[in-house]
Amino acid sequence: MKKKWTQGFHLALNKIFLSILLVFFSAAAFAQTVTGKVQDAENNPVNGATVAVKGTNRATVTNATGNFSINAGRTDVLIISYVGFTTQEIPLNNRTTLSVSLARGEGRIIDEVVVTALGIRRNPRRLGYSATQVNADELVKNRTTNIGEALEGRVAGLNITPPAAGAGSSNQIRLRGQVGFAGTDNAPLLVINGIPLDQDTRNAEGAGQQRDRGDNLNNINPDDIESMTVLKGAAAAALYGVRAARGAIIITTKSGQKNQGIGVDFTSSYTASKAISYMDEIRQHEYGLGLLGVKPTTIGQAQEGQNGWGAKLDGSPAMNYDGVLRPYSSYGDNLFRFLQTGTNLTNTLGLSGGGPNGSFRASISTTEAKGIVPSNEYKRRIFNVGINHNITKKLKLQLNVNYADEDYINPPQIGTQGDGVVNFFNRTAVSVPLEAYRDHAINPATLAEWKTNSFASATGGTINNPYVPLQTGQRWQEDRNRLLGTATIRYDITDWLYAQGRFSYDRLNSFTESIIPNAIGAIVRTNSDGTYRGSYSISHTWTTDINADFLVGGSKKFGKFSVDASVGGNTLRSQFYNINESASNFTVPDLYNITNGTVKNANPLGFSRSRINSLYGLAELGWNGMLYLNFTGRNDWFSVLNPEKNSKFYPSVSGSFIFSELLKSMTWLNYGKLRASWAEVGGISGIGPFEGVLTYGINANQFSGQSLASVNGGNAPNPLIQPFTVKEKEIGLELRMLKSKLHLDIAAFDKITTDQVITLQTSSTSGYTGSKANLASLKNSGFETLAEYNVIQNKNFSWSTSWNNTYLKTKVLDVGNPSGTILLLYFNGTGNEFLGEIRYTEGMAMNQLYTKHYNRNAKGELIIVETGAARGRLTNDQSSGPLKTGFYPVGSSIPKFTGGWTNNFSYKNLSLGVFIDYKFGGTVLSSTLLNMTRQGLSKLSLQGRETGLLVEGVYQNSGLPASNIITATSSTSNLANYWADYRNYQIGDPFTFKSDFIKLRNVSLAYNFTNLLKKVAVMNFVKGLTLSASVRNVAIIHKDLPGLDPEAIQSSGDTRAGYENSSLPTTRNYNVSLNVKF
Amino acid sequence: MLNSNDMLKIFKRLIPLCAVLLFAGCDKDFENVNTNPYAINTIDPALLFAGAQRTHVGSWIAEHTIIQQYVTPYNTGANAGFSFNVNIDGNQNQKWGEYTGSIKNMIQALNILGSSTTRVNLKSMIRIWKAQVFMGLVDNYGDVPYSESGKAVSDALFFPKYDDDAAIYDDLYKELKEAIAALNPGGDYVSADLFYGANAQPSVKTSDAAAQVAKWKKLGNSLLLRLGMRYSKLNASKAQSIANEAFTGGVMTSNADNAYVKYDGTLYTTPDNAGLRSFTQYNYVSEPFVNQLKSTNDPRGKFMIALFADPGNTPADLNPDVTLANQYGAPIGKTDAELKAAPYRGARGGGLNYSQINIYKLGSPAAPEFYVTYAQTSLLLAEAAKRGWIPGGDAQAKIYYENAITADMQIYSLYPGTTPITNAEITAYINDPGVLYNSTDALKLIGIQYWIINIRDGTEAWANFRRTGFPALTPNPSSGDLGSVGFITRLTYPDVEASANRENYQKAIQAYGGDKLTGKVFWDQ
């Protein structure tokens, strides 16, 4: 199956793959440039037709006006092909210009090739499953630092969720839903030049001080990508066996097949990012800092800090935390005054070349990005080389090396109760100016953080002035170096049989360093023993993954029958080391190294190693170019499993039926294919090396001279654990109609995960809080549609449009315990600031959010407290505890509908892209709004400030209408208490929203100067020049969540799905790019 | 057509091929690969025991608040009104941590020891100490998992049943008796023993098995005395009999017998005190406790409590006011907002104008952690003598009572930055009219002292309060989740047990008519 954004780009890809095919043929000498024009029978230009020189690896595609230009010898034969038209072979016979008229044909797509599992290139008509090619040019048009983000909304079945987490952050990537409960590696397998690797999101999953540190897609420079194939289903990825459960994204980087001779291409791209504020929707600017309706008059009152329950702002002098009197007025939204414009400058220089025996491309790219949070930077240098060489006619060598050097500098701290900027500014009143926080961050009396709120304390706080880390040199930095290298040797034994060997090497070196001067948020500089507070830590990780594999494949035709078969094997050897040390309680102030600390933590060497050995095979039976059956099987052997049971077999079967071959009389139908597949694959995520046995730890420090030991780990080992299993069925239909102008592709799938590797929650009284077990099952099913239409294709103007949509339904089938529900996260009376729970509950969608509702009687009236101090406030007589019946499901965080609508217009040399994407059907709990409300900072909290609030309802005991008014000023029961009840009782009604959005995601405008330059003789050395400008996150057309972009979530993980809290704002990005080819 | 079984057959035939082609065995060497060369796979169980001795789970926010030594007047937020008798999981479940801490490690140590006879003393010490830990769990929660607990690794028993609290006490009695009897002066010396072993504090350490065993026998019998006295309300004759056995067996006779560990405040900090230095505006000493210290001019007071320049930032004040006359405890049942206004003492800095735990002495990160002391034991003896369960009557009870006070005063010299309390101060205190032993008020006086002495051991102070009714505290006027004004009489189980160990939890809470703070432990009937 094939998906196109525009015909032009579609066939640009064809060109690439055709070139790959043709590179194996001998090259003829060439002498001249042949130009021409391709039209259909009605004399409309054919945009994107492939023009190839027969018997060579040279090919090109026609442009929007149907014109092409190619180097060819006088006696060469050109092959001109286009989907839905009859392929023509035209001998040049000394001509250097020609005009070709293509006749509508049987709709062969014989020249298309997609890269499938194990890097095997196959004709899409033979595939019985969904494999979508992503147009690399389209991704480059949507410039994002991480290529994953540009994929959002582009591919049916692929759901990308970028967190708002700073420069170089990760993305959540889910193919056809979430394959397992949180904790499972749910992101698709990435296969980069044949090297399988996990996405490895280093995200900000939890509470506190986490930082998002990107993912493995950051290792790839978007300008180096030659092709990207999304293998959506289990059948498509089945040959990856135990790594196939989540689908796969196959990325191949360039190796120069495109060009003949020597070519240079240079791309420069500059992006400016502005934080987008929706805070005016929720933030109040009428009342200032304070409690009980009182303006602060003492420093102590001012240092309560985080509340906006003060007096009405009147510009009169008010005390501030630093002892300075300032007008009691709104100083605006400090967060957006604090944030800066983010920038990203990326330059890529590529050199490519190719001769009769091979080709190469080498590139270097540099990225310098600054985040919207001051001090946050991301720097990247990528060096990429691809070489193809035909040693002999039969022996071919391919080499790919990608080296990425990344620096993550001060990734912002985001999420719950964090030290980050958002938590501080969202939870402080508008009546303190940003300049105060900036100029009086450090208390001159203590040389530590000035106490700005009651959460600041001697040992540290949770709402911390973000100027303190800036001014004291707090630093967190990671230097990551990753080398991905693959060498492939292929030998064509006969014309129908080949053997291939491949060795790949994946080496990561990561060094992180953290300096925290003083404890974060601490208002005292020294410890009780007189040493200086603060901490310093360093961590060095290095990992090696070695894959070695072989593949023997052949194909034969027997009359109308064809057989393709391959067998192969792979060994994966992984090794991990980590050293980390930390120190605190420093002797010399402001000096951060290990020896200066009087308390040192030298941790044991982190080490793990594992192996997976595999054997696999595939067989394809074809009949008459119309019917294909495919079988694959893979057996994996695992070192991490019990030696008694360490082998698993993963089969798949799929078929395709090109029924249009039988319907040639229906001229409107150019191509029609039905496909179906079934596969069983697995996942080993959750089963680590050495987990099957109990080990012990010895405390790093002796206690009064005595060594102490303890049992390691909170989980009791389970020596019987096995990988989880995914079984998926899929059917699909693909149609090309109306002269192939209309392309439709639909797919329906049903995917069941069983025997998940989950940590069975055990009673802690067993001594252990959990034990891994194969439990629980879930189902993802869905419907994917793609419609593409070339609306207009004229000489000067073209318009193509493409719409993809995914409907995803998730269902928890079994949670593996009798209660029928698993509590993933809860923020109730245990002391967290936040709201609700996330559960997996049998029969419901995944990632189900729960809150309590208002306590109502049978008539639906609110039940109000009748006696005691809380008279007039909400009641909470619903039962409590994790089995609390009072919690109700309010929706799943996973959107049901996702999709995108692409429009590409071109007029002569100008092209315009407009991209709209959307998500619908998800739920989000807004802790920002809850916190701001209970702290008196939101508009919602303005109710009853002056006159008091009457909560309408009936009294709990008497049933009489409630009449007690809650005032802002009562010391025993006030509005702050009223709103705190929402959190204490977990009443989610005012804070539950849909995460739906429709966004005008991207508008891009490009002008291609190439034709203009050709008219200027001195500029002829320039082969191409394109200037483009784009805006990303142009506008939100629709949303429900107030105050925030629904995509302003903090994590690309699954644990905190649906909890919104203290993430960064999203940004609007303005980009200009220049691409020059010589 | 091929189906997956056929594929499987084909693959089975291909397996020998792979051996030749690639791997020399598809899983050769896997066991070796999956063994961590850096991990500790075997351990001396004595080190696990030492680790368990150091592990103590407690905090200022639960038991100490119930018995009105400590109070958090904060009305909202993390501790939302513990002082208002609200059932807050985070406060109730602290002690439950023993299961994954000391119990887990002691049971694994016993698993390793198996039926070893060469390390009988180590084994006996573990049994005694395990009994102490479980006694605390029963005292706090009532029925708890006991017979099936700690067996996840040895028996794959993940969901232990809850045992009847009285039955657990019966078994603890048996365990203590057997373990004390098994201690062998000629047996193994447990050098790793944190209480009395080679690295114990100078005042208590031993260097041979005979001396160590002697101390452990005293510790065992002192625990037996504690266990016996718990029956005083339920079954006086049983209490008398066990107390007598313990007394006869030989209990602690001086501070040199105390079971405690000493923190250095840097590499290891006193766990309970860690919270006192953060968000200090929430941490206060309660009014009844301060009044008790003030009314008797208690010389321990200056080490226990202090008035800081800014209660919102106690570490900034290195020399807080410790003069007893200047101390005020926070009234029970009042919110911070109320206390900031008249008629109360109002705000002070970023907190309230009330006394707090002295974070440089009693509340220091380098404070010793006392588990079982001579002072506690001597007070129990005083009560037993007063009741006539052991010989000596009032005369002997007075001696035990005064010995306890003296011993407790003397151990304050182990706190950082303290000067020894002088004999003159001790004598003056003992003769203070509010302290001086008299036959009529003996049980009350003993109870008050037990309350003061156990400022470091909330579980023990609270258990004794429920058993004896002393000190006579006024309940918090806010009933919270109690239903009516009164005292919390048991802690609720951790919320997580309700889901993680559902069936057993449901059975267990039936004994209390639901998992309520008003349920009663068996000896508190």
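A, B, ... follow the sequence lines: proteins, then strands. Residue 1 opens every chain. No hydrogens, no waters, no symmetry mates; every other heavy atom, side chains included, goes into these values.
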A.B. asks: With chain B as the partner, which of A/Ala456, A/Ala458, A/Gly300 has the greatest number of non-hydrogen pairs under 4.5 Å?
C.D. replies: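 Greatest number of close heavy-atom pairs with chain B: A/Ala458.
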
A.B. asks: Between B/Tyr268 and chain A, with a heavy-atom cut-off of 4.5 Å, which part of the residue counts as in contact: side chain, backbone, both or neither?
C.D. replies: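 Contact with chain A: side chain only.
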
A.B. asks: Name the member of A/Thr762, A/Thr446, A/Asn817 that forms the most heavy-atom pairs with chain B at distances under 4.5 Å.
C.D. replies: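 Of the options given, most contacts go to A/Thr762.
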
A.B. asks: At a 4.5 Å cut-off on heavy atoms, which part of A/Gln702 comes close to chain B: side chain, backbone, both, or neither?
C.D. replies: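 Only the backbone of A/Gln702 comes within 4.5 Å of chain B.
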
A.B. asks: With a 4.5 angstrom heavy-atom cut-off, which part of A/Ile698 approaches chain B: side chain, backbone, both or neither?
C.D. replies: both

A.B. asks: Could you check which of B/Val144, B/Asn501, B/Leu48 has the highest count of heavy-atom pairs closer than 4.5 Å to chain A?
C.D. replies: B/Leu48

A.B. asks: For B/Leu339, is it the side chain, the backbone, both or neither that has a heavy atom under 4.5 Å from a heavy atom of chain A?
C.D. replies: neither

A.B. asks: Between B/Asn199 and A/Gly705 (side chain of the first, backbone of the second, donor and acceptor by atom type, cut-off under 3.5 Å), is there such a pair?
C.D. replies: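 Pair found, side chain donor or acceptor close to backbone of A/Gly705.
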
A.B. asks: Out of A/Glu691, A/Gln301, A/Gln303, A/Lys451, which one racks up the most heavy-atom pairs below 4.5 Å with chain B?
C.D. replies: A/Lys451

A.B. asks: Please state whether the side chain, the backbone, both or neither of A/Ser528 comes within less than 4.5 Å of a heavy atom of chain B.
C.D. replies: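 For A/Ser528, heavy atoms of backbone and side chain both lie under 4.5 Å from chain B.
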
A.B. asks: If we define contacts as heavy-atom pairs under 4.5 Å, which of B/Pro160, B/Ala50, B/Ala198 has the most with chain A?
C.D. replies: B/Pro160

A.B. asks: Answer whether the closest heavy-atom distance between the side chains of B/Ile359 and B/Pro315 falls below 4.5 Å.
C.D. replies: yes

A.B. asks: Can you tell me if B/Asp515 uses its side chain to pair, donor with acceptor, with the backbone of B/Tyr493 under 3.5 Å?
C.D. replies: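 Yes; at least one donor-acceptor contact below 3.5 Å.
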
A.B. asks: So does A/Tyr696 get a backbone contact from the side chain of A/Asn712, meaning a donor-acceptor N/O pair under 3.5 Å?
C.D. replies: yes

A.B. asks: Which atoms of B/Ala316 come close to chain A, meaning under 4.5 Å heavy atom to heavy atom: side chain ones, backbone ones, both, or neither?
C.D. replies: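 For B/Ala316, heavy atoms of backbone and side chain both lie under 4.5 Å from chain A.
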
A.B. asks: Only pairs of heavy atoms separated by less than 4.5 Å count here; which of A/Val599, A/Val711, A/Thr526 has the most with chain B?
C.D. replies: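 Max contact count across the listed options: A/Val711.
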
A.B. asks: Assess whether a salt bridge exists between B/Lys340 and A/Glu304, defined as any Lys/Arg side-chain N lying under 4.0 Å from an Asp/Glu carboxylate O.
C.D. replies: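 Salt bridge flag = yes for A/Glu304 with B/Lys340.
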
A.B. asks: Quick one: are the ring centres of A/Phe703 and B/Tyr263 less than 6.0 Å apart?
C.D. replies: yes

A.B. asks: Quick one: what part of B/Ile107 sits under 4.5 Å from any heavy atom of chain A, side chain, backbone, both or neither?
C.D. replies: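 It is neither, since no heavy atom gets under 4.5 Å.
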
A.B. asks: Find the one option among B/Ala192, B/Ala347, B/Gly197 whose heavy-atom pairs under 4.5 Å with chain A are most numerous.
C.D. replies: B/Ala192

A.B. asks: Between B/Ser278 and chain A, with a heavy-atom cut-off of 4.5 Å, which part of the residue counts as in contact: side chain, backbone, both or neither?
C.D. replies: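 Both the backbone and the side chain of B/Ser278 come within 4.5 Å of chain A.
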
A.B. asks: Name the region of A/Val524, side chain, backbone, both or neither, that has any atom closer than 4.5 Å to a heavy atom of chain B.
C.D. replies: side chain

A.B. asks: Let me know if A/Ile523 has heavy atoms under 4.5 Å from chain B in its side chain, its backbone, both or neither.
C.D. replies: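 For A/Ile523, heavy atoms of backbone and side chain both lie under 4.5 Å from chain B.
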
A.B. asks: What are the two closest non-hydrogen atoms of B/Gly351 and B/Gln281, and how far apart are they?
C.D. replies: CA-CB, 3.9 Å

A.B. asks: Using heavy-atom distances under 4.5 Å, tell me whether B/Leu137 contacts chain A through its side chain, its backbone, both, or neither.
C.D. replies: neither

A.B. asks: Taking B/Leu157's backbone N and O only, do any of them form a donor-acceptor pair with B/Asp155's side chain (distance below 3.5 Å, no angle check)?
C.D. replies: no

A.B. asks: Is A/Pro689 close to chain B through its backbone or its side chain, or both, or neither, when contacts mean heavy atoms under 4.5 Å?
C.D. replies: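 Contact with chain B: backbone and side chain both.
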
A.B. asks: In terms of heavy-atom pairs under 4.5 Å with chain A, which of B/Asp44, B/Thr55, B/Asn105 leads?
C.D. replies: B/Asn105

A.B. asks: Return the option, out of B/Ile103, B/Thr314, B/Leu318, B/Thr42, with the maximum number of heavy-atom pairs under 4.5 Å with chain A.
C.D. replies: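 So the answer, after comparing B/Ile103, B/Thr314, B/Leu318, B/Thr42, is B/Thr42.
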
A.B. asks: At a heavy-atom distance under 4.5 Å, which candidate from B/Arg277, B/Glu503, B/Glu31, B/Glu98 has the highest pair count against chain A?
C.D. replies: B/Arg277

A.B. asks: Does the pair A/Asp981/A/Arg983 count as a salt bridge with the N-to-O cut at 4.0 Å?
C.D. replies: no

A.B. asks: Could you verify whether a donor N or O on one side chain and an acceptor N or O on the other, from A/Thr769 and A/Ser764, lie under 3.5 Å apart?
C.D. replies: no

A.B. asks: Specify whether A/Phe690 and A/Phe607 have parallel, tilted or perpendicular ring planes, treating 30° as the upper limit for parallel and 60° as the lower limit for perpendicular.
C.D. replies: parallel

A.B. asks: Top residue by heavy-atom pair count (under 4.5 Å) with chain B, among A/Ala716, A/Pro717, A/Ser710?
C.D. replies: A/Ser710

A.B. asks: Looking only at side chains, do A/Ser614 and A/Trp637 share a donor and an acceptor under 3.5 Å apart?
C.D. replies: no

A.B. asks: Distance-only, no hydrogens or angles: does the A/Gln575 side chain make a donor-acceptor pair with backbone N or O of A/Arg609 under 3.5 Å?
C.D. replies: no

A.B. asks: How far does OH of B/Tyr505 sit from OH of B/Tyr162, to the nearest 0.5 angstrom?
C.D. replies: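 Result: 7.5 Å between the selected atoms.
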
A.B. asks: Taking side chain as everything from C-beta outward and backbone as N, CA, C, O, which of these in A/Asp529 sits under 4.5 Å from a heavy atom of chain B? Side chain, backbone, both or neither.
C.D. replies: side chain

A.B. asks: Quick one: what part of B/Asp264 sits under 4.5 Å from any heavy atom of chain A, side chain, backbone, both or neither?
C.D. replies: neither

A.B. asks: Please answer whether the main-chain N or O of A/Asn977 pairs with a side-chain N or O of A/Asn974 as donor and acceptor at a distance below 3.5 Å.
C.D. replies: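 Yes; at least one donor-acceptor contact below 3.5 Å.
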
A.B. asks: Of the listed residues (A/Leu694, A/Leu641, A/Asn585), which shares the most heavy-atom pairs with chain B below a 4.5 Å separation?
C.D. replies: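 The residue among A/Leu694, A/Leu641, A/Asn585 with the greatest pair count is A/Leu694.
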
